[in-house]
There are 2 protein chains.
Amino acid sequence: MADQTQMLKGILDGCLLAIIKEGEIYGYELAAKLESYGFTSFSEGTIYPLLLRMQKEKLVATTLRKSTAGPKRKYYSLTEKGEQELLLFHQRWNQLNKTVNKVLKKEEM
Amino acid sequence: MADQTQMLKGILDGCLLAIIKEGEIYGYELAAKLESYGFTSFSEGTIYPLLLRMQKEKLVATTLRKSTAGPKRKYYSLTEKGEQELLLFHQRWNQLNKTVNKVLKKEEM
DNA sequence: TTTTTATATCTTGCATTACAAGGTATATAA
DNA sequence: TTATATACCTTGTAATGCAAGATATAAAAA
């Protein structure tokens, strides 16, 4: 049956937007931040394709900057469209949350 | 970007288990019940394959019974394994819930 | 100098799963 | 006998998390 992997579908992108909104951040750092929030460790094969997708959709803008200890970092920031998408995500998530919790609470009785 | 469709992945099956636990129910009825809980209407192309999958995994047991107004109904009930899976789903859902809400709350400040 | 290590990003291919579309069958009512 | 509501199933598609592997840079160790 479904594991955490499946549960993340359609949720991870919203979380990325939320974290990027806190301030410019680059991919490698983002992966670490997600873990610090309680997500199980993230593969780069998950993060980078997602970031590229969001860049294509113009939800995020990017800037390359030199690193002190490796190749250039690609910093992400939210666009106006990204902010709007984040708001929509909030709504979808809250709705889902409410509905699922209703189903689960009912079943406990 | 992801819509409700993607968000449901790995969540819908747990919700089905939760509803079936409330009492024996057949597929067609289940679809209606989900709507009553606040989910947007469900295609039968979503429900039936999922139920068959859960049957194969022995999470649910089935009984055919005559209907008063149509072909036979296939009633589903939880197996012992299904109950355990439901518990695991609860844990996964609560964990996800906590983590995502933490990310979203932070971003609001 | 050469090698190793940590940092940093990207690509390819796979598995899972919600869903649309279409098909079949039964019972009642018009 | 036709229409309608009920009830279930199958096939194919799209979306997306992730494993595995490739590439590149900079600092430290050998």
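Remember, it's a predicted structure, so these values are computed and weren't measured experimentally. In the text below, chain A, chain B and the rest are named by the order of the sequence lines, each starting its count at 1.
Between the C1' atom of dT16(D) and the CD1 atom of I11(B) lies a distance of 14 Å, rounded to the nearest Å. Atom-to-atom, CG of D13(A) to P of dG17(D) comes out at 6 Å; the value is rounded to the nearest Å. Atoms CD (E44(A)) and P (dA6(C)) sit 14 Å apart, rounded to a whole Å. In this structure, R53(A) atom CZ and dC10(C) atom P are separated by 14 Å, rounded to whole Å. To the nearest angstrom, C1' of dT6(D) lies 15 Å from CG of L64(B). In this structure, CD1 of I47(B) is placed 15 Å from P of dT10(D), rounded to the nearest angstrom. Spacing between atom CE of M7(B) and atom P of dG17(D) amounts to 11 Å, rounded to whole angstrom units. Atom pair L52(B):CG and dT17(C):P shows a separation of 14 Å (rounding to whole Å applied).
The Q6(A) side chain lies nearest to dT17(C) when the options are dT17(C), dC19(C), dC18(D). You'll find that the side chain of R73(B) is closest to dA7(D), out of dC19(C), dC10(C), dA7(D). Residue K9(B) places its side chain closer to dA18(C) than to any other of dT16(D), dA18(C), dC18(D). Of the candidates dG17(D), dC18(D), dT9(C), dT9(C) carries the atom nearest the K74(A) side chain, counting heavy atoms from C-beta on.
T46(B) comes within 4.0 angstrom of a base, heavy atoms only. Looking at heavy-atom distances under 4.0 Å, L50(B) makes contact with sugar-phosphate atoms alone, never a base.
For residues 27-35 of chain A, proximity to DNA chain C is found at G27(A), Y28(A), defined as any non-hydrogen atom under 4.0 angstrom from a strand atom.
One finds the CD1 atom of I20(A) at 9.0 Å from the CG atom of L59(A) (value rounded to the nearest 0.5 Å). If you take CD1 on I19(A) and OH on Y76(A), they are separated by 14.0 Å, rounding to the nearest 0.5 Å. Annotation: the span from R73(B) atom CZ to T62(B) atom OG1 amounts to 15.5 Å, rounded to 0.5 Å.
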Taking N or O atoms only and anything under 3.5 Å, show me the protein contacts with nucleotides 25-30 of chain C, one pair per line.
unit_1, atom_1, unit_2, atom_2, d
dA27(C), O3', T68(B), O, 3.4

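Of the two residues near DNA chain D, L8(A) and L51(B), the one whose nearest nucleotide lies more 5' is L51(B).
The pair E80(B)-K58(B) fails the salt-bridge criterion, with no side-chain N (NZ, NE, NH1 or NH2) lying under 4.0 Å from an Asp/Glu carboxylate O. In summary, E29(B) and K74(B) do not engage in a salt bridge, as defined by a charged side-chain N under 4.0 Å from a carboxylate O.
In this pair, Y75(A) and Y26(A) present their aromatic rings perpendicular. The plane angle is above 60°, beyond the 30 to 60° band.
The main-chain N or O of N97(A) is never found under 3.5 Å from a side-chain atom of K102(A) such that the two would form a donor-acceptor pair.
Shown here are the side-chain contact (heavy atoms from CB on, under 4.5 Å) partners of L87(B), two or more places apart in sequence or in another chain: there are none.
A close approach under 4.0 Å does occur between a side-chain nitrogen or oxygen of Y48(B) and OP1 or OP2 of dC8(D). Considering only side-chain N and O atoms, Y26(A) lies under 4.0 angstrom from the phosphate OP1 or OP2 of dA8(C).
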Item to complete: For S43(A) and I47(A), run side chain to side chain contact (heavy atoms under 4.5 Å, CB included): C-alpha distance rounded to whole Å, both residues' side-chain angles, the deciding distance at 0.1 Å, then the answer.
Response: CA-CA 7 Å; S43(A) 161; I47(A) 300 288; over 6 Å; no
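Side-chain polar atoms of T99(B) and Q95(B) form a donor-acceptor pair below 3.5 angstrom.
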